[in-house]
Amino acid sequence: MSLTLAQSPGPVSATHDVTNQASPLSPYDASDDAALLEGLRREGAGWAEVDVRRLGQRAGSPGPQEWSELANRHEPVLRTHDRYGHRVDEVDFHPAWHELMRVAVTEGLAGAPWADDRPGAHVARTAGGLVWGHTDAGHGCPTSMTYAAVPALRRQPDLAKVYEPLLTSREYDPGLRVPTEKRGLLAGMGMTEKQGGSDVRTNTTTATPTAEPGVYTLRGHKWFTSAPMCDVFLVLAQAPDGLSCFLVPRVLPDGTRNPFRIQRLKDKLGNRSNASSEPEFDGTVAWLVGPEGWGVKTIIEMVNCTRLDCVMMSAALMRKTLVEAGHHVRHRSAFGARLIDQPLMRNVLADLALESEAATTLTLRLAGAADRAVRGDAGEQAFRRIATAVGKYWVTKRGPAFTAEALECLGGNGYVEDSGMPRHYREAPLLSIWEGSGNVNALDVLRALTREPATVDALFGEIALAQGADTRLDAAVTRLRARLGEATQAGARRLVEQMALTLQASLLVRHAPAAVADAFCATRLGGDWGYAFGTLPDSADLDGILGRALGGGN
């Protein structure tokens, strides 16, 4: 039976007009952040502001934002063999990943600060990471490990002489080739194993000396080895005199592949643009870094660097999702008014803004300590030792709750993948897990308190710079001193939380506007706060906080 003319469909017309939806955020300026720029100048890297601003504008532009989405949609693919059956153990990445990596390395976000004698070079890198972190978090893993590998490698001057100039290069040169024939290198690390995780002293990978001094062969496995396409790796293994650190190149000096058999790539919650692998070593050639038995001591400087980057990336995710939420509520209306004009939404955003500024300010203070510590400042070395562990514990813990609340500001629009918010939400927990879970970092703080008393003096010396400026802060310092005298393992998290909040408050009292410092002290220290974001007291200056965090534009 054929359709009659009356039954034929009529002209296609729109069923409705699309209204009350936010426009795309990009392009925007990821460096348009008063707390970041003020911290950059304060910590000695004001000379880098032009570059940070330029990178921030690029990070928020459509191209890099699209790269980020593509690199996560098209995940890395493992190729164990070539078409002829030869073992190759390579990982293929989408071109967008390589674009992200190329910018990061060129802009000095990998090992470049170690070749820069200017005071503040490490602060400039951290500020760059805070703005470039508005793109994709996954490629920050190999850049972070490359940055962190340099001070560890310096434990073995002969190796550092060969590899450091390439690790500090600003040229991104992907592909597995003889390291010394490349224009720039990336470094990874293989520390943890199935049976121990963070308890690396239980590692079973063995290192057998060869006839050549300093050269060993490895046999064993690693459980989480990220970025397996890197050129060289720092690996822990059991040598005759105990757990030791080794340099493992993917390609040997004669051009042959070093045995590095990738069993599989991890199917992860987040960080999906980055490959995390399980490699096996069998006759793998490795060069000793530092003395035998000093494996943990050799990598401790590496851990300090990567923990700082965990804080940095958490702060970047906070700022990114706050900017996304702020943009949405400016362009969305409900119940007769724009969301940004609704008092309760303003409370939520202001509360998030406080958390974001506290995280950013602490991140840059830690970067300043790192910069001055590598230049020989003993006081900053002590402060860095404890404050980095404190910051790593607390800021990374706040990330998941923060990103969830920012996502909720978009409602259902934030729950769909197109918004990008689910990707940020999945990313947030990683920063707390990587380089030691919350418990590991809390216990590390206890270790510093008991074994390195100078760290206590350094922490309280920093906090004392705000003494007398806020009665709630002064009371918190008194409580903190009392709690130190009764520190236990079971109470370690509570102690570290109190240390972090007191330190953040002291920094904001000294450096932030009164609206920010007062609200932070009233809520985080004074107890005038609920159990969720958006519970600031009526006395909080919401206009002052939001004006600083998001500006006054429409």
Side-chain angles (χ1 to χ4, degrees), residues 30-31 33 36 39-40 43 45 47-61 63-65 67-68 71 93 96-116 118 120-151 164-174 183-189 226-227 229-231 271 273-274 302 304-317 319-320 360 363-364 366-368 370-371 374 427 431 434-435:
S31 68
D33 180 357
L36 184 151
L40 177 73
E43 297 299 334
W47 50 265
E49 184 170 341
V50 171
D51 287 336
V52 170
R53 284 179 175 271
R54 176 181 49 75
L55 184 59
Q57 291 169 357
R58 188 171 190 186
S61 65
Q65 291 296 311
W67 297 341
S68 306
F93 290 83
W97 164 274
H98 294 293
E99 293 298 329
L100 292 163
M101 285 295 302
R102 184 168 289 105
V103 173
V105 173
T106 301
E107 295 290 343
L109 304 186
W114 299 106
D116 192 336
R118 290 175 291 182
H122 297 269
V123 178
R125 174 190 176 270
T126 298
L130 285 168
V131 298
W132 191 244
H134 283 233
T135 59
D136 159 71
H139 77 289
C141 178
T143 58
S144 179
M145 292 189 297
T146 302
Y147 171 66
V150 173
E164 184 171 332
L166 294 166
L167 291 169
T168 59
S169 167
R170 287 177 179 252
E171 290 198 56
Y172 176 57
D173 189 3
R183 302 185 305 275
L185 301 179
L186 295 174
M189 51 185 176
S226 288
M229 71 294 178
C230 288
D231 301 286
N271 208 247
S273 66
N274 177 41
M302 190 174 191
N304 282 332
C305 293
T306 48
R307 282 182 175 174
L308 170 59
D309 280 5
C310 288
V311 182
M312 174 191 76
M313 197 60 230
S314 289
L317 277 172
R319 179 64 188 175
K320 168 64 172 175
T360 297
T363 298
L364 289 166
L366 295 176
D371 192 86
V374 300
E427 192 69 38
L431 286 313
W434 188 32
E435 287 307 351

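The salt bridge (charged side-chain N to carboxylate O under 4.0 Å, His left out) analysis of residues 125-147, with sequence neighbours excluded, yields the pairs R125-D309. The salt bridge (charged side-chain N to carboxylate O under 4.0 Å, His left out) contacts involving residues 142-151 comprise nothing, where partners must be two or more places apart or lie in separate chains.
Two residues are said to be in side-chain contact when any heavy atoms from C-beta on lie closer than 4.5 Å; L130 and L364 meet this criterion. Under the 4.5 Å side-chain criterion, counting only non-hydrogen atoms from C-beta, L100 is in contact with S68. Side-chain contact between L431 and L317 is present, with heavy atoms from C-beta onward closer than 4.5 Å. Residues R58 and P64 meet the side-chain proximity criterion, which asks for heavy atoms closer than 4.5 Å.
Contacts of N304 classified as side-chain hydrogen bond (donor to acceptor under 3.5 Å, both in side chains), with partners at least two apart in sequence or in another chain: none. With sequence neighbours excluded, the residues forming a side-chain hydrogen bond (donor to acceptor under 3.5 Å, both in side chains) with E164 are R154, listed by chain and number. With sequence neighbours excluded, the residues that form a side-chain hydrogen bond (donor to acceptor under 3.5 Å, both in side chains) with W132 are H139.
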Which donor-acceptor pairs under 3.5 Å do the side chains of residues 101-111 make with protein atoms, sequence neighbours left out?
from, atom 1, to, atom 2, distance (Å)
T106, OG1, R102, O, 2.7
E107, OE1, R54, NH2, 3.2
E107, OE2, R54, NH1, 2.8

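The structure places CE of M145 at 12.0 Å from CG of L167, a figure rounded to the nearest 0.5 Å. Atom CD in E427 sits 7.0 Å away from atom OG in S273 (nearest 0.5 Å).
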